[in-house]
Amino acid sequence: MDEIKKEFPIFNKRDMVYLDNAATSQKPQEVIDSVYNYYLETNGNAGRGSHELSMINQAIMESTRKKVASFIGVSDEKNIVFTKGSTEGLNIIAFGYALDNLEEGDEIVLGISNHHANIVPWQEIARIKKLRIRYLYLDEFGNLDIKQLSYIFNKNTKIISISTVVNTTGVIQKFKDIIEISHRYNVKVVLDCAQSIMHFKHEFEKWDVDFAVFSGHKIFSAQGVGVLYGKKQLLEKTRPLIYGGDMVEYVTESSATYKDVPHKFEGGTQNVAAISTLTKSIEYMEKIGYDRIKKIEDKLTMYATFAINTLDFIETYYTENVEKVGIIAFNVKGVHSHDTAFILDNKGVAVRSGQHCTAPLLSYMGINSCCRMSLGIYNDEKDVDRLIEGLLEVKRIFLDK
């Protein structure tokens with residue numbers, strides 16, 4: 001892991017323990033170089049001209065689209081739409097597909113553990129179309145309780161949208177079972193894969209998911225690029241979210257026709273520099289391999305979970321008897337999460353604090369906020385030890401009186 005860490009220049013510039021990988025990953029040198037080289041050699045506007053730079057940029061987009069499709073188990077790259085991130089992808093699904101294809105009285109099922117980006121758009125279209133939102137709650141271990149589906153689903157249920165991995169707790173949901181059950185009821189399934197794409201291989205066609213989204217910056221790419229996957233027949237029924245240049249086929253004074261999928265969703269000047277880094281980041285992921293990533297994470301997560309749970313002044317959430325990635329949610333008892341994170345930051349340890357864009361989940365758990373440590377492939381046991389030292393300092397300042 002020391003060798004891996006050397007590939008990430010930020011750790012040469014900062015003496016810190018970075019445990020906020022669920023928010024964004026740090027970037028390896030080859031991804032950083034690709035951004036620099038893009039602006040140095042090939043900066044241009046894709047699809048806006050017949051000159052060399054324009055055509056190079058269009059080629060970058062389409063080659064990246066093919067790379068992404070292969071990476072996530074999709075045979076037709078036309079099912080891949082570039083977005084700014086998971087949030088935009090979810091909004092396209094909600095406002096482009098659901099708004100047109102659902103009727104008053106229809107129902108949408110959401111996981112109580114969803115990120116706000118996978119709740120708020122659905123709330124808004126529910127308000128507009130007078131739909132009903134129902135929630136799938138958790139079992140005692142932090143899993144979505146699949147047994148509830150037989151009571152929730154009915155003839156009005158049209159969509160279920162869940163996170164594959166909960167961004168606050170790291171619990172891996174039984175999403176394959178949910179897809180299979182949902183399709184028995186003719187319910188479309190949306191997966192928010194923002195927190196899972198780093199941790200295990202995704203095979204969207206094999207899983208038979210209807211829509212899925214993820215953000216590139218979680219897997220080492222530049223920020224500002226994400227992916228929306230949809231089955232072709234569903235994307236064709238989905239309206240664009242952004243209207244304007246380069247997504248149109250023909251425009252008159254009174255009407256316009258749009259390009260075919262996926263280009264009708266990619267209006268405006270695209271962030272080709274960020275899109276191009278997806279290829280580099282996927283190549284980096286493939287070089288390491290998901291098997292090695294899992295091996296590193298599992299070992300370190302076990303070490304961190306044991307170390308934190310030995311501290312009697314710490315409360316952790318959903319760390320036992322559940323399949324999860326390298327994320328641990330915790331609180332110092334009697335201390336606000338922001339205070340804990342502030343002291344840890346002063347000790348050079350970066351963790352997340354607050355509600356993590358999962359306020360309904362925290363309300364369900366009966367807490368107002370928590371800290372979250374999230375591990376990456378460049379972390380090691382020394383990083384966990386520094387976290388523990390920081391937590392002991394929190395105890396000394398707030399609890400030892």
Side-chain angles (χ1 to χ4, degrees), residues 24-25 27-72 74 76-93 95-96 117 194 197 213-230 232 235-236 238-284:
T24 194
S25 63
K27 315 306 172 192
Q29 185 67 56
E30 54 204 77
V31 169
I32 296 170
D33 288 344
S34 73
V35 176
Y36 175 79
N37 290 331
Y38 170 82
Y39 285 113
L40 185 69
E41 301 172 359
T42 58
N43 178 48
N45 201 325
R48 302 301 181 90
S50 301
H51 60 79
E52 183 181 16
L53 285 177
S54 177
M55 291 186 285
I56 287 173
N57 276 261
Q58 191 63 48
I60 289 171
M61 288 190 61
E62 298 314 315
S63 65
T64 304
R65 204 186 304 275
K66 288 182 180 179
K67 185 69 175 178
V68 170
S70 175
F71 181 63
I72 57 177
V74 174
D76 187 351
E77 69 271 15
K78 292 180 181 178
N79 293 7
I80 304 299
V81 177
F82 291 123
T83 65
K84 294 195 300 294
S86 299
T87 298
E88 183 180 351
L90 290 165
N91 274 269
I92 291 173
I93 300 166
F95 288 92
I197 192 68
V213 302
F214 67 88
S215 300
H217 69 95
K218 309 288 188 181
I219 54 169
F220 310 122
S221 86
Q223 295 182 349
V225 60
V227 169
L228 161 65
Y229 161 78
K232 187 72 173 296
L235 289 176
E236 288 173 345
T238 303
R239 284 189 298 112
L241 187 68
I242 304 296
Y243 294 82
D246 210 40
M247 52 78 67
V248 289
E249 191 69 45
Y250 190 72
V251 180
T252 70
E253 291 187 9
S254 59
S255 65
T257 56
Y258 310 125
K259 289 183 178 179
D260 292 335
V261 172
H263 301 104
K264 72 174 183 177
F265 300 107
E266 296 172 355
T269 296
Q270 294 299 298
N271 188 351
V272 184
I275 290 171
S276 69
T277 66
L278 268 179
T279 293
K280 289 296 183 182
S281 64
I282 289 171
E283 289 173 350
Y284 187 79

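Donor-acceptor pairing under 3.5 Å is recorded for the side chains of Thr64 and Thr279.
Between Thr277 and Tyr284 the shortest side-chain heavy-atom distance does not fall below 4.5 Å. At least one side-chain heavy atom of Val68 sits under 4.5 Å from a side-chain heavy atom of Phe214.
Remark: Lys232 NZ is packed, more than 12 non-hydrogen atoms of other residues, nucleotides or ligands lying under 6.0 Å away. Within a 6.0 Å sphere centred on NZ of Lys67, other residues, nucleotides and ligands contribute more than 12 heavy atoms. For Glu52, the CD atom counts as loosely surrounded, since its 6.0 Å shell holds 12 or fewer non-hydrogen atoms of other residues, nucleotides or ligands. Within 6.0 Å of atom NZ in Lys259, more than 12 heavy atoms from other residues, nucleotides or ligands are found, so the atom counts as buried in its surroundings.
Across Val81 and Arg65, no two heavy atoms sit closer than the pair CA-NH1, 4.2 Å. Pairing each heavy atom of Lys78 with each of Leu235, the nearest pair is O-CD1, 4.3 Å. Pairing each heavy atom of Val261 with each of Phe265, the nearest pair is CG2-CE1, 4.1 Å. Among all heavy-atom pairs drawn from Ala274 and Gln223, the shortest one is CB-O, 3.7 Å. For the pair Ala194 and Ile197, the tightest heavy-atom approach, listed with the atom from each and the gap, is O-CG2, 3.8 Å. Nearest heavy-atom pair across Thr83 and Ile92 is CG2-CD1, 4.1 Å.
Of the possible polar contacts, one joining the Lys27 side chain to the Ser25 backbone as a donor-acceptor pair under 3.5 Å is found.
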Test log, rule side-chain contact (heavy atoms from CB on, under 4.5 Å), inputs Val227 and Leu278
CA-CA 10 Å; Val227 169; Leu278 268 179; 4.1 Å; yes
